[in-house]
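In each ligand, atom 1 is the first atom listed, and ligand 1 is the first ligand listed. Computed from heavy atoms alone, side chains included, the values below leave out hydrogens, waters and symmetry copies.
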Amino acid sequence: MMARPKQQSLDLSAYTIPTHVAIIMDGNGRWAKRRGLPRQAGHRAGAENLRRIISACVEFDIKILTIYAFSTENWGRPESEVRGLMKIFARVLDQEIYDLDAQGVCLHHLGDLTGVDPTLQEKVRRAIELTKNNNKLILNVAFNYGGRAEILHAVREMLADGITPGELTEEIFSSYLFTAGLPDPDIVVRTSGELRISNFLIWQAAYAEYYPTQAYWPDFDREELYKAIVAFNQRERRFGLVPDEE
Ligand code: IPE
Ligand code: IPE
Ligand code: MG
């Protein structure tokens, strides 16, 4: 029997583990281009990597992982690329969901499913139903998601519910977002060296620590996630206050 390659042991016992990690999975296209491959090969490699990162989150005892999979703006890409991405989402939902279920992953969707192919919608709903009682890791998939669209959606629902200006609080507002009931992200990782937020969790990440990294998403592995957690521990989160010693 072939021995499994031994994973490097990464000790996180001395560190605070962020409860909620959010990732802008960027750079699939450039990863592929660098190898002379079509963009779709980069998206496939990105989907493969997601599997590894989910397992690493379970291993590191991260409780919530939110990933940006497809933005409201990504519909503007060439039709063939959008079609290719939808194919990958459908395949991941078909092939990976039982393994995710076995790992204790509870799937949530952030975004709007209307306008998405009905077969894909059905797969998402089934995956959510299948995993709804799992509690090892909450996996929020931001798919057809935009922070501005989310805020507009919340405002429309609040108006429909008759919430008055006097009643409205930040807590009530948060409870109308797709992330209702979940704590805000502690850290937002963006791969591929870009330094922008691209409409991701614009309300929820108000006090998140930002962690940009040069690695393209398909190369952002378990060790890169470990480095992000170590960097998070070196930050001083002040939330607008003064440091303790002053
Ligand atoms: C991220 O990789 C995946 C999605 C946005 C769906 P990109 O496709 O944006 O890759 P780059 O930024 O072009 O390298
Ligand atoms: C953000 O990446 C969206 C996702 C990762 C799904 P983009 O590649 O779409 O963002 P921009 O265009 O560089 O801002
Ligand atoms: Mg990109």
Side-chain angles (χ1 to χ4, degrees), residues 20-54 56-57 64-93 95-96 107-117 120-121 123-124 127 139-153 177-179 185 187-205 208-221 224-225 228:
H20 185 170
V21 173
I23 306 183
I24 302 176
M25 310 183 294
D26 198 11
N28 293 349
R30 279 162 285 165
W31 180 93
K33 190 170 178 203
R34 193 195 257 175
R35 286 167 175 71
L37 297 170
R39 291 180 63 82
Q40 181 69 359
H43 294 316
R44 277 197 298 267
E48 272 290 302
N49 191 47
L50 180 56
R51 182 151 47 122
R52 293 191 283 269
I53 288 301
I54 292 169
C57 285
I64 308 169
L65 171 66
T66 300
I67 48 154
Y68 204 5
F70 192 86
S71 74
T72 46
E73 289 73 34
N74 289 150
W75 292 108
R77 294 190 177 197
E79 204 204 316
S80 57
E81 178 163 353
V82 171
R83 217 179 321 116
L85 282 164
M86 296 302 149
K87 241 170 111 174
I88 291 177
F89 298 139
R91 190 169 43 75
V92 168
L93 283 167
Q95 294 177 0
E96 308 287 346
L107 186 78
H108 289 211
H109 169 240
L110 314 183
D112 185 5
L113 283 181
T114 48
V116 172
D117 173 66
L120 187 54
Q121 284 190 33
K123 288 183 199 296
V124 174
L139 174 65
N140 292 317
V141 179
F143 169 75
N144 192 18
Y145 172 88
R148 288 181 174 181
E150 178 182 39
I151 287 171
L152 278 191
H153 176 265
L177 297 174
F178 298 126
T179 48
I187 174 169
V188 176
V189 173
R190 183 164 188 155
T191 59
S192 85
E194 304 297 350
L195 300 174
R196 56 178 168 267
I197 192 70
S198 300
N199 207 8
F200 186 49
L201 304 178
I202 51 181
W203 169 280
Q204 298 89 333
E209 293 296 328
Y210 279 88
Y211 180 79
T213 170
Q214 292 300 320
Y216 294 139
W217 169 248
D219 294 330
F220 183 87
D221 58 11
E224 293 285 339
L225 181 64

- Query: Does any N or O in the side chain of Q121 come within less than 3.5 Å of the main-chain N or O of L113, such that one atom is a donor and the other an acceptor?
  - Reply: yes
- Item | Option with minimal heavy-atom separation from atom 2 (O) of ligand 2, where the choices are R190, R30, E73, M25 | R190
- Message: For the Mg ion (ligand 3), give me the closest N/O/S atom belonging to D26, just the atom name.
- Response: OD1
- Message: If we set the cut-off at 4.0 Å for heavy atoms, which region of S71 has an atom near ligand 1: side chain, backbone, both, or neither?
- Response: neither
- Task: Please work out whether any backbone atom (N, CA, C, O) or any side-chain heavy atom from C-beta onward of R77 is under 4.0 Å from ligand 1, and answer side chain, backbone, both or neither.
- Result: side chain
- Would you please determine whether R39 falls within less than 4.0 Å of ligand 1 on a heavy-atom basis? yes
- To the nearest 0.5 Å, how far apart are CG in L201 and OH in Y145? 4.5 Å
- Residue pair F70 / M86, side-chain heavy-atom distance below 4.5 Å: yes
- Report yes if W31 has an N/O atom closer than 3.5 Å to an N/O atom of ligand 1; otherwise report no. no
- Query: Are any of the heavy atoms in S192 under 4.0 Å away from ligand 1?
  - Reply: no
- Query: When the ring centroid of H153 is compared with that of F178, is the distance short of 6.0 Å?
  - Reply: yes
- Task: Note the single closest protein heavy atom to atom 13 (O) of ligand 2, along with its residue, its atom name and the distance in Å.
- Result: R196 NH2, 2.8 Å
- Message: Please list the nearest protein heavy atom to atom 14 (O) of ligand 2 with its residue and the distance rounded to 0.1 Å.
- Response: S198 OG, 2.6 Å
- Is R34 close enough and on-axis enough to W31, meaning under 6.0 Å and within 45°, for cation-pi? no
- Query: Can you name the nearest heavy-atom pair linking T179 to E150, along with the distance?
  - Reply: N-OE2, 4.0 Å
- Item | Residue H43 vicinity, atoms of ligand 1 by number, heavy atom under 4.0 Å | 3 (C), 8 (O)
- What pair of heavy atoms forms the shortest contact from A32 to R39, and how long is it? CB-CA, 4.1 Å
- Query: Quick one: do R83 and E79 make a salt bridge, cutoff under 4.0 Å?
  - Reply: yes
- Task: List the steps and the verdict of side chain to side chain donor-acceptor pair (under 3.5 Å) for T72 and R148.
- Result: CA-CA 10 Å; T72 46; R148 288 181 174 181; over 6 Å; no
- Message: Heavy atoms only: which of V82, N74, T191, D26 lies closest to atom 7 (P) of ligand 1?
- Response: D26
- Can you figure out which of G42, A47, G29, A69 has its heavy atom closest to atom 6 (C) of ligand 1? A69
- Under 4.0 Å from any heavy atom of F70, which atoms of ligand 2 are there? 6 (C)
